[in-house]
There are 2 protein chains.
Amino acid sequence: MKQDLLVAVDCIIFGYEGEKLQLLVIKRDIEPFQGSWVIPGGFLQENENLEEAARRILYSKTSVYNAYLEQLFTFGEVNRDPRGRVISVAYFSLIKSTDYKLIAGITSNDIKWVDVKETPELGFDHKIIVNLALERLKGKFSYQPLGFNLLEDEFTLTELQQLYETVLNRNLDKRNFRKRILDTAILKETGKKRAGVKNRQPLLYTFDLNKYKELTKQGFEFKL
Amino acid sequence: MKQDLLVAVDCIIFGYEGEKLQLLVIKRDIEPFQGSWVIPGGFLQENENLEEAARRILYSKTSVYNAYLEQLFTFGEVNRDPRGRVISVAYFSLIKSTDYKLIAGITSNDIKWVDVKETPELGFDHKIIVNLALERLKGKFSYQPLGFNLLEDEFTLTELQQLYETVLNRNLDKRNFRKRILDTAILKETGKKRAGVKNRQPLLYTFDLNKYKELTKQGFEFKL
DNA sequence: GCAAAAGTGTTGTGTATACACCCATGT
DNA sequence: ACATGGGTGTATACACAACACTTTTGC
């Protein structure tokens with residue numbers, strides 16, 4: 001038994017900065033699609049699992065290892081790659097704002113963040129892949145607290161709300177948002193305030209992962 | 001570039017009979033796991049898409065071609081197959097009750113339906129795959145009207161409710177269930193009644209696919 | 001007429017939404 | 001003192017959950 005095909009892993013990497021949801025794209029330096037922007041990917045190695053491959057690719061572009069990572073979908077259209085048959089297992093990842101800033105610093109000509117609302121044309125079928133990732137992200141945001149993976153460890157409620165508004169693409173009521181988030185009790189007050197702002201200093205919160213796990217076990221549901 | 005691996009497609013095939021959710025399993029006639037029960041699968045052919053492969057496998061075991069089919073997950077653990085590296089793209093499928101009966105008729109020693117609550121040990125990592133499929137099915141049932149894919153074209157509200165109770169694994173209130181289903185208006189009365197029962201004859205309904213599509217476009221949400 | 005399942009509304013309870021003003025800080 | 005965003009409570013509408021009796025049919 002032999003198959004004349006290859007298995008690749010592609011990563012949709014999301015960041016959040018300037019109240020915009022950002023996507024990491026790289027410029028291909030070889031054919032096919034030389035010079036086109038694409039999402040980072042690579043071929044699966046013999047001794048690695050799919051998720052390991054995704055983390056390897058993620059790390060190679062961002063130097064981030066422990067980001068949120070989730071399998072999205074597997075694409076296998078016969079003609080999706082002009083070189084031949086390539087099956088692509090797509091993963092999507094959420095990068096913390098602190099890490100985002102480091103990556104932004106090493107920006108070169110062939111790697112950059114783009115606002116997902118202004119995504120350029122992408123090589124292969126990567127536009128389709130990204131669109132699916134966006135739908136999934138939006139869907140998951142409504143019933144799972146993923147937002148914390150895109151912010152810094154400590155954040156204000158307003159920052160969190162702005163993130164949700166960006167991803168869900170609608171405005172949320174400030175008081176209702178705060179009430180719901182605080183009622184679920186998955187946030188912990190740090191007692192600190194963000195200083196150096198030109199108005200009242202907002203309280204800083206962290207995501208209480210243990211509390212969240214505990215609640216999840218009890219069949220708790222988060223919805224927004 | 002060369003990879004020493006194979007891509008397989010495996011199908012979790014669900015049916016519904018006797019108020020039980022059923023899973024189609026086959027007995028392997030070759031090593032590895034010879035004599036074990038497994039879910040149907042096969043290797044991806046060069047000229048077929050992933051979903052086409054899933055349909056081919058589905059058809060080869062059930063003679064059903066147009067069942068509900070959805071990609072579930074891709075499994076790629078390094079040692080999941082003793083023969084070597086095999087990536088498996090899993091699909092799950094829902095078989096109408098009418099088709100179920102045909103398949104049940106051709107039951108042989110090496111293919112059978114089993115109640116998912118009494119699934120035997122399965123070869124490879126298929127138990128894990130089936131469990132994931134069950135979770136996904138349960139999840140989707142709550143917010144997408146998939147039930148109709150497991151019943152006959154015409155069904156009674158009680159039958160529909162029993163199906164939901166089986167899949168969701170909890171009891172539902174009859175009046176509330178009927179109210180909600182009928183309020184969404186995705187059902188059409190046929191005007192017919194099911195005769196030959198030893199009590200009052202229940203009305204028969206069909207799923208109104210067009211209405212459902214229309215409502216979905218308007219951002220309607222189904223929840224149970 | 002009896003057994004068995006079909007069919008049918010109302011009421012309370014909790015949840016989601018809409019909404020406006022005062023507070024702290026920097027300039 | 002003024003501009004900027006932070007922080008807070010209530011009233012209303014809506015959705016969900018609980019609940020029991022009458023009707024039809026076959027035997």
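This one's a predicted model, so the numbers in the text were calculated from it and none came from an experiment. Numbers restart at 1 for each chain; the letters A, B, ... are given by sequence-line order, proteins then strands.
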Please state how far atom [atom1] in [X] lies from atom [atom2] in [N], giving the value in whole angstrom units.
X	N	atom1	atom2	result
A:Glu159	D:dG7	CD	P	10 Å
B:Asn171	D:dC19	CG	P	14 Å
B:Arg194	C:dG7	CZ	P	11 Å
B:Leu204	C:dA6	CG	P	12 Å
A:Leu157	D:dG5	CG	C1'	13 Å
A:Leu182	D:dG6	CG	C1'	13 Å
A:Leu160	D:dG7	CG	C1'	16 Å
A:Lys223	D:dA15	NZ	C1'	11 Å

request  = Under 4.0 Å from any atom of DNA chain C, heavy atoms only: list the residues of residues 143-154 of chain A that qualify, in numerical order.
outcome  =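 Those residues: none at all.
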task = Could you check whether A:Leu203 gets within reach of a base, just the sugar-phosphate, or nothing at all, counting any heavy atom under 4.0 Å?
result =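 Answer is sugar-phosphate: A:Leu203 comes under 4.0 Å of backbone atoms only.
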task = Classify the nucleic acid contact of A:Thr158 as base, sugar-phosphate or nothing, counting any heavy atom under 4.0 Å across all strands shown.
result =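 Result for A:Thr158 = sugar-phosphate.
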request  = Flag the pair B:Leu23 / B:Ile13 as yes when at least one side-chain heavy-atom distance between them is below 4.5 Å, and no otherwise.
outcome  =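 No - every pair of side-chain heavy atoms lies 4.5 Å or more apart.
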message = Using only atom types and a distance under 3.5 Å, with no angle test, would you say the side chain of B:Gln22 pairs donor to acceptor with the backbone of B:Glu17?
response =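 Answer holds: yes.
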Taking 4.0 angstrom as the limit, do [X] and [Y] come out as a salt bridge?
X	Y	answer
A:Glu52	A:Arg56	no
B:Glu70	B:Lys140	yes
B:Lys96	B:Glu152	no

inquiry  = Once rounded to the nearest 0.5 Å, what's the spacing between atom CZ of B:Arg180 and atom NZ of B:Lys223?
reply    =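 The CZ atom of B:Arg180 sits 9.0 Å away from the NZ atom of B:Lys223.
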task = Enter the distance from B:Asp115:CG to B:Lys20:NZ here, rounded to the nearest 0.5 Å.
result =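 Separation between the atoms: 5.5 Å.
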Throw together a table of side-chain donor-acceptor distances under 3.5 angstrom for residues 183-197 of chain B, partners on residues two or more places apart or in other chains.
{"from": "B:Thr184", "atom 1": "OG1", "to": "B:Ile181", "atom 2": "O", "distance (Å)": "2.6"}
{"from": "B:Thr190", "atom 1": "OG1", "to": "B:Lys192", "atom 2": "N", "distance (Å)": "3.0"}
{"from": "B:Thr190", "atom 1": "OG1", "to": "B:Leu204", "atom 2": "O", "distance (Å)": "2.8"}
{"from": "B:Lys192", "atom 1": "NZ", "to": "B:Glu154", "atom 2": "OE1", "distance (Å)": "3.2"}
{"from": "B:Lys192", "atom 1": "NZ", "to": "B:Glu154", "atom 2": "OE2", "distance (Å)": "2.8"}
{"from": "B:Arg194", "atom 1": "NH1", "to": "B:Glu159", "atom 2": "OE1", "distance (Å)": "3.2"}
{"from": "B:Arg194", "atom 1": "NH1", "to": "B:Glu159", "atom 2": "OE2", "distance (Å)": "2.2"}

task = List the protein contact pattern of nucleotides 17-27 of chain C with one symbol per nucleotide (5' to 3'): B for base contact, S for sugar-phosphate-only contact, - for none; contact means a heavy-atom distance under 4.0 Å.
result = BBBB--BBBS-
key: Under 3.5 Å side-chain donor-acceptor pair for B:Lys179 and B:Asn176   =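 Yes - a donor-acceptor pair under 3.5 Å links their side chains.
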